[in-house]
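Since the structure comes first, as structure tokens, the remarks are kept for the end.
Here is the naming used below: chain letters follow the sequence lines, and residue numbers restart at 1 for every chain. Side chains are part of it too, since the values below use all heavy atoms of this structure and drop only hydrogens, waters and symmetry mates. As the structure is a prediction and not an experimental result, all values here were calculated from the model.
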Amino acid sequence: MFPPRQDVLRLMPEIILSLSGILLMLIEPFLSGARRTLIVTLAALGSGLALVSTIYPATLPGTAFSGLLRIDGFSVFVHVVVEAVAFLVIIGSADYLDREKIQHGEYYALVLFATVGMCVMAGAAELMTAFVGLETSSISTYILAGYRRDVPRSNESAMKYFLLGSFATAFFLYGIALLYGATGTTQLARMTFPTTPGRERLLDLGLGLMLVGLAFKIAAAPFQLWTPDVYEGAPTPVTALMASGPKAAAFALLLRILATVGAAGTFWFWALWVSAALTMFVGNLAAIAQSNVKRMLAYSSISHAGYILVALAAAAASDQVELGVAAVLYYLAVYALMKLGAFIFVSQLGGESERHMEIDDFRGLAVRQPVAAACFALFLLSLLGLPVTSGFLGKFYIFNAALASRLIWLAVLLAINTVIAAFYYLRVIVVMYMRQPNQTWPPAPMPWAVTFVLSIAAAGTFYLGLFPGRVMALATQAALSLPGR
Amino acid sequence: MPISYYLALSAVLFGLGVIGFVFKRNIITIFMSIELMLNAVNLAFIAFGLALGQLQGQVFVFFVIVVAAAEAAVGLAIVIVIARNRQSLNVERINLLKL
């Protein structure tokens with residue numbers, strides 16, 4: 001009855017994450033006094049251990065649990081990204097939760113459970129497993145989005161996220177049902193392709209519905225409407241998590257489905273093409289008009305989903321799939337670090353009840369808090385894609401993949417969008433560096449935990465921008481390990 | 001009965017769910033529309049399982065039911081919090097965040 005030892009080892013990160021989440025919820029009621037430090041330490045330890053234990057799946061590739069999970073370089077790469085995000089978010093949340101007086105163990109448990117879901121999505125080789133992973137991560141994030149329970153904005157964010165997220169899930173699920181009907185199995189590796197025209201139509205329809213469901217999750221146009229509202233209303237550390245983790249996992253799932261089921265059909269390619277172009281423009285043009293930093297970063301994350309879709313379209317268009325897939329993976333790592341850094345920074349600068357979230361509230365920050373301002377400027381420049389920062393190399397690889405697949409127009413649109421994006425990123429930097437401060441409130445403190453998270457994100461941004469070799473080699477290996485058709 | 005009847009019914013139910021989601025204004029009704037969509041999927045799973053002669057289709061339904069129950073628990077909790085803070089469940093009045 002008991003699953004083989006190897007299978008358990010392959011699932012080690014998920015097991016550790018779940019157990020530490022459950023442990024947190026169990027011991028929290030018995031703690032009093034110095035509980036905060038203990039809870040945060042336990043949660044950080046859990047996610048850190050999970051990150052370390054990824055060594056097991058990394059050294060034991062193969063399928064696990066009768067083919068439900070596929071542990072390969074691809075899933076390990078996404079595992080590491082997602083677990084690192086969870087680790088940093090947990091440490092970066094502690095001071096925010098203290099300030100908002102919502103310091104509870106459930107928060108960390110939910111972050112851990114959401115991470116379990118994302119990990120399962122990354123490794124799923126069967127569609128119902130993918131569905132369960134998707135829902136584990138989604139349901140946990142619905143709760144986290146509404147975690148400031150007494151704040152109407154947070155309630156509203158949770159409601160919108162919940163309604164639109166479940167709506168998208170229903171589409172995804174209907175897609176699975178149709179795919180099951182068309183191919184007779186939900187295991188990606190065993191799918192045989194239908195020959196009768198009726199079943200072929202079923203397959204196309206099913207794939208389309210799944211694509212719609214996942215497009216909601218990655219906030220690709222025309223399904224991106226929920227993103228700014230949800231990101232703005234949610235507690236900022238949760239926004240940091242939502243913008244980086246689930247997005248990486250959903251992209252991983254999308255890649256795996258497209259790679260196995262075959263994106264060779266021209267229709268899927270054009271759907272990705274149009275969605276990529278639309279997403280970039282919608283995100284960037286709307287971001288220019290924003291006065292709230294959090295909302296601006298939300299729109300910027302839509303545009304970044306568009307950039308990643310360009311790489312996805314490149315992977316779908318050519319025979320050298322690995323070039324596009326490696327670009328997607330590299331960008332996911334780059335994007336997760338810089339976006340997480342930017343949001344965690346904003347969560348600290350926003351002050352109590354997130355009062356100071358307008359771009360104007362950042363004026364003269366370079367005089368008031370030079371180091372912090374430099375750090376935020378670094379993340380913004382990386383999001384923009386300036387050389388030396390990781391954002392540049394990430395975009396370069398996407399550009400490269402697009403050109404290799406002869407998607408000249410998409411590459412041109414990507415370049416145009418980078419120029420548009422310069423407006424709003426540079427505006428914040430100008431406000432920070434060239435305006436005189438006249439705020440009446442004291443500078444925001446930078447507790448060590450936040451400083452730690454920001455330094456890791458900044459160091460990672462430089463590392464991925466200057467020494468891409470190692471990580472890119474891993475991404476390429478991961479791309480090659482993805483079973484194709 | 002041919003399988004296509006079940007599939008047609010499932011598609012109609014799913015469509016009704018989508019219409020309800022788009023046009024209804026009360027959060028609870030919108031939520032019920034989503035449940036309708038999930039149940040339409042259940043019907044499709046069972047119909048396909050029958051057509052393929054596999055038990056899997058029916059097993060999947062249990063997964064869906066469990067997930068839908070978890071979703072309902074979270075969704076209703078969110079609805080209660082909103083009802084307490086706002087005294088209204090009309091989505092048009094919940095508009096602090098501009099769309």
Side-chain angles (χ1 to χ4, degrees), chain A residues 127-129 131-132 134-136 138-143 145-146 149-187 198 202 205-206 209 225-226 228-233 292 295, chain B residues 3-4 7 10-11 14 17-18 21-22 27 30-31 33-49 51-54 56-57 59-64 66-68 70-86 89 91 94-99:
Chain A
L127 293 174
M128 279 317 270
T129 313
F131 166 70
V132 172
L134 181 73
E135 280 297 89
T136 312
S138 300
I139 292 178
S140 311
T141 19
Y142 300 153
I143 309 173
R149 216 170 38 190
D150 303 325
V151 181
R153 278 168 180 273
S154 188
N155 298 161
E156 190 174 327
S157 158
M159 183 201 82
K160 285 184 173 160
Y161 196 27
F162 168 72
L163 289 180
L164 289 168
S166 331
F167 187 60
T169 307
F171 276 94
F172 184 71
L173 197 62
Y174 204 36
I176 296 181
L178 295 187
L179 223 62
Y180 170 61
T183 60
T185 176
T186 49
Q187 295 215 349
L202 218 53
L205 194 63
L209 287 170
L225 277 175
W226 58 274
D229 286 5
V230 171
Y231 282 19
E232 189 190 341
N292 181 305
R295 215 171 159 81
Chain B
I3 171 102
S4 53
L7 292 182
S10 144
F14 194 83
V18 173
F21 182 90
V22 175
I27 302 177
I30 294 176
F31 182 52
S33 307
I34 294 173
E35 292 291 306
L36 187 63
M37 289 163 75
L38 290 179
N39 283 317
V41 177
N42 283 345
L43 188 61
F45 268 128
I46 294 177
F48 282 130
L52 294 163
Q54 294 177 348
Q56 281 178 35
V59 174
F60 293 154
V61 171
F62 283 110
F63 280 87
V64 179
V66 169
V67 167
E71 228 173 47
V74 169
L76 292 177
I78 294 173
V79 169
I80 288 174
V81 171
I82 287 185
R84 269 195 201 142
N85 285 351
R86 301 279 185 100
L89 286 180
V91 278
I94 300 174
N95 53 3
L96 283 179
L97 303 160
K98 54 201 166 182
L99 196 70

Identify which part of Ala11(B) has an atom lying under 4.5 Å from any heavy atom of chain A, answering side chain, backbone, both or neither.
both

Applying salt bridge (Lys or Arg N to Asp or Glu O under 4.0 Å), can you list everything that pairs with Arg84(B), at least two apart in sequence or on another chain?
none

Name the orientation class of the two ring planes belonging to Phe167(A) and Phe21(B) (parallel below 30°, tilted from 30 to 60°, perpendicular beyond 60°).
parallel

Phe14(B) portion near chain A, given a 4.5 angstrom heavy-atom threshold:
side chain

Proximal component of Met159(A), with respect to chain B [non-hydrogen, under 4.5 Å]:
both

So which of Val64(B), Val41(B), Asn42(B) has the biggest tally of heavy-atom pairs under 4.5 Å with chain A?
Val41(B)

For Arg86(B) and Glu156(A), what are the C-alpha separation, side-chain angles and deciding distance, and is it a side chain to side chain contact (heavy atoms under 4.5 Å, CB included)?
CA-CA 10 Å; Arg86(B) 301 279 185 100; Glu156(A) 190 174 327; 3.2 Å; yes

Would you mind telling me which of Val79(B), Val18(B), Ile78(B), Ile30(B) has the largest number of heavy-atom pairs within less than 4.5 Å of chain A?
Ile78(B)

Under 4.5 Å from a heavy atom of chain A, the part of Ala51(B) involved:
neither

Once you measure the plane-to-plane angle for Phe45(B) and Tyr180(A), does it fall in the parallel (<30°), tilted (30-60°) or perpendicular (>60°) bin?
tilted

Near-ring test Phe131(A)/Phe60(B), centroid separation under 6.0 angstrom
no

Does the side chain to side chain contact (heavy atoms under 4.5 Å, CB included) test come out yes or no for Tyr161(A) and Tyr231(A), once each step is laid out?
CA-CA 9 Å; Tyr161(A) 196 27; Tyr231(A) 282 19; over 6 Å; no

Pairs of heavy atoms under 4.5 Å with chain A: top-ranked of Gly57(B), Ala40(B), Ala68(B), Ala77(B):
Gly57(B)

Would you mind checking which part of Leu202(A) comes under 4.5 Å of any heavy atom in chain B, side chain (CB onward), backbone (N, CA, C, O), both or neither?
side chain

Is it true that Tyr174(A) and Ser10(B) share a donor-acceptor pair across their side chains at a distance under 3.5 Å?
yes

Residue, of Ser138(A), Gly165(A), Ala170(A), Gly146(A), that accumulates the most heavy atom pairs under 4.5 Å with chain B:
Ala170(A)

Tell me, out of Val132(A), Leu163(A), Ile176(A), Thr136(A), who's got the most heavy-atom pairs with chain B below 4.5 Å.
Leu163(A)

Side chains of Ser157(A) and Glu232(A) only: does a donor on one sit below 3.5 Å from an acceptor on the other?
no

With chain B, which of Asp150(A), Ile143(A), Thr186(A) has the greatest number of heavy-atom pairs at distances under 4.5 Å?
Thr186(A)

